[in-house]
Amino acid sequence: MKQEQKEKYSIERAMDEINIKSPEVAKDHHRLEYHVMGPTGWINDPNGLIQYKGEYHVFFQYYPFKSSWGPMHWGHVKSKDLVRWEHLPVALAPTEDYEENGGCFSGSAVDNNGELTLIFTGHNDNKNPKEVQCIATSTDGITFQKYEGNPVIPHPPVDGSPDFRDPKVWKNEDKWYMVVGSAKENKGKALLYRSDDLREWEYVNVLAESDQDQGNMWECPDIFPLGEKHVLIASPMEAKVGRTMYVVGDMNYETGKFTQGYYQKMDFGHDFYAPQSLLDDKGRRIVIGWMDIWGAKMPTQEKGWAGAMTIPRECKLLEDGKVAFLPVEELKTLRGAHWNYSDLVVKENQLLNEVRNDKLELKVIFDLEKTTASTFGVKLRCSEDGTEETVIGINAETKTVYVDRDRSGNEVTGISRAEVNYDGTVSLHIFLDCSSVEVFTDEGRTVLSDRIYPKEDSLGVELFVSEGQVTFTSLDIWELKA
Ligand code: FRU
């Protein structure tokens with residue numbers, strides 16, 4: 001290990017930077033209230049999601065020194081309830097030669113008889129191979145020791161390529177399993193490994209690979225049982241299916257193969273990538289994604305920070321074979337002031353004078369039998385002069401739900417859309433948190449996550465309708481506070 005690298009990055013240096021910069025960053029009005037963010041600087045993928053000694057831990061790809069990507073550290077927060085998060089010291093800094101040029105890339109966490117073990121990719125562009133799998137352990141869940149025998153997987157297998165990253169580890173019966181994202185012959189791959197002790201790994205085979213629509217490289221693969229099936233999630237590159245996908249299928253531990261069935265895009269918004277899952281002691285499978293994406297405009301970079309995670313979403317296998325992603329129950333504990341309207345017929349746009357807030361939960365049910373309008377819905381973060389608004393609507397002609405952020409404020413634009421399956425009624429469950437909107441519909445089959453950057457005083461809520469009238473069977477709005 002070169003002395004310079006050790007001096008360049010360390011947990012201490014990262015913490016000094018955070019202590020100096022985070023008070024100023026905290027003042028930005030686009031900071032979210034109940035979502036995970038870095039204290040300062042840049043974050044991307046959620047890593048190491050785990051419930052350890054009863055508390056939820058989220059680690060994340062982190063560069064504290066700038067609000068753009070740089071050599072990766074692992075940031076760290078924990079929570080008792082998935083909605084109120086406490087910052088902990090940076091868990092990993094790139095100090096070793098196997099991570100010298102790139103850092104500690106994405107990975108996962110397991111509880112190995114009380115020892116919290118992080119499994120991550122060491123990335124060094126100057127080395128061949130550039131990506132290797134490594135581990136670090138902790139007994140207090142705060143300070144981590146990198147294993148002296150790293151890397152535990154020093155090169156990709158024959159079925160992989162130098163793109164060989166993002167290990168997700170889990171236990172099945174008495175063995176550890178790891179899936180690693182890779183690419184070969186223009187197909188994304190999830191490569192399967194097996195181990196008795198997390199240190200010696202045996203390559204099994206290709207667990208799953210792309211069909212014609214699933215891209216040429218898979219980042220951040222994760223596989224877990226759900227109901228009678230298994231679900232594989234991944235963030236494929238250059239894929240027709242979208243930037244993230246879930247695949248429902250069957251796992252065979254004898255052959256080490258996952259047989260694919262139904263699959264689809266995981267989130268229809270602009271800002272969702274690299275989701276990862278955890279299993280908690282209530283038996284829930286929960287996913288959290290990065291609520292941004294490569295290439296997105298991030299106007300908060302000027303304020304010294306960028307990136308947030310989604311709210312935690314519980315996965316459920318539905319009878320039609322699709323997966324529902326639903327906001328975790330604990331979010332209800334954030335609810336404050338409540339407004340309820342029922343059987344509301346709206347014939348022209350109507351500003352709700354009583355509600356002005358940038359942190360809201362809304363549950364909306366529309367009665368389509370009593371609706372003649374072609375488009376209708378709610379607008380959030382509306383400015384008084386009418387120049388800013390974020391529109392969450394239903395287009396009854398195309399049977400789509402959409403989030404229109406063409407007037408959402410600074411820099412970001414574009415409409416995200418998804419087809420919805422409904423008859424009679426359609427409901428939307430919406431979470432607004434300063435600079436984010438997450439919309440759940442069709443019983444969780446469809447989710448849209450979008451970042452928005454309105455002015456601080458754009459706080460209005462408006463019901464809107466065009467060409468006809470809309471009937472709200474019910475509309476519930478809560479102020480949220482962490
Ligand atoms: C996904 C990703 C991972 C990689 C990490 C680097 O967003 O590209 O594949 O480990 O980000 O920060």
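Order of appearance sets the numbers: ligands from 1, and atoms from 1 within every ligand. Positions are given from 1 along the sequence. Atom set for the values below is all heavy atoms of this structure, side chains included, hydrogens, waters and symmetry mates excluded.
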Discussion item. Apply salt bridge (Lys or Arg N to Asp or Glu O under 4.0 Å) to residues Arg407 and Glu388 and explain how you reach the verdict.
Written reply: CA-CA 5 Å; Arg407 302 197 321 148; Glu388 278 191 353; over 6 Å; no
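- Tyr63 has its ring centre no less than 6.0 Å from the ring centre of Trp69.
- The ring of Phe144 has its center closer than 6.0 angstrom to the ring center of Phe59.
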Only pairs under 3.5 Å count here: list side-chain donor-acceptor contacts from residues 172-183, not counting sequence neighbours, and write none if there are none.
unit_1 : atom_1 : unit_2 : atom_2 : d
Lys175 : NZ     : Asp196 : OD1    : 2.7
Ser182 : OG     : Ser161 : N      : 3.2
Ser182 : OG     : Asp163 : O      : 2.6

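- With salt bridges taken as basic N to acidic carboxylate O contacts below 4.0 Å, none links Arg13 and Glu17.
- A donor-acceptor pair under 3.5 Å links the side-chain atoms of Asp433 to the main chain of Glu33, judged by distance alone.
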Output block, N or O contacts of ligand 1, threshold 3.5 Å exclusive:
unit_1   : atom_1 : unit_2 : atom_2 : d
ligand 1 : 7 (O)  : Asp45  : OD1    : 2.7
ligand 1 : 7 (O)  : Asp45  : OD2    : 3.2
ligand 1 : 7 (O)  : Trp294 : NE1    : 2.9
ligand 1 : 8 (O)  : Glu219 : OE1    : 3.4
ligand 1 : 8 (O)  : Glu219 : OE2    : 2.9
ligand 1 : 9 (O)  : Arg165 : NE     : 2.9
ligand 1 : 9 (O)  : Asp166 : OD1    : 3.4
ligand 1 : 9 (O)  : Asp166 : OD2    : 2.7
ligand 1 : 9 (O)  : Glu219 : OE2    : 2.9
ligand 1 : 10 (O) : Ser106 : N      : 3.1
ligand 1 : 10 (O) : Asp166 : OD1    : 2.5
ligand 1 : 11 (O) : Asn44  : ND2    : 3.3
ligand 1 : 11 (O) : Asp45  : OD2    : 3.2
ligand 1 : 12 (O) : Asn44  : ND2    : 3.1
ligand 1 : 12 (O) : Gln61  : OE1    : 2.7
ligand 1 : 12 (O) : Trp69  : NE1    : 3.1

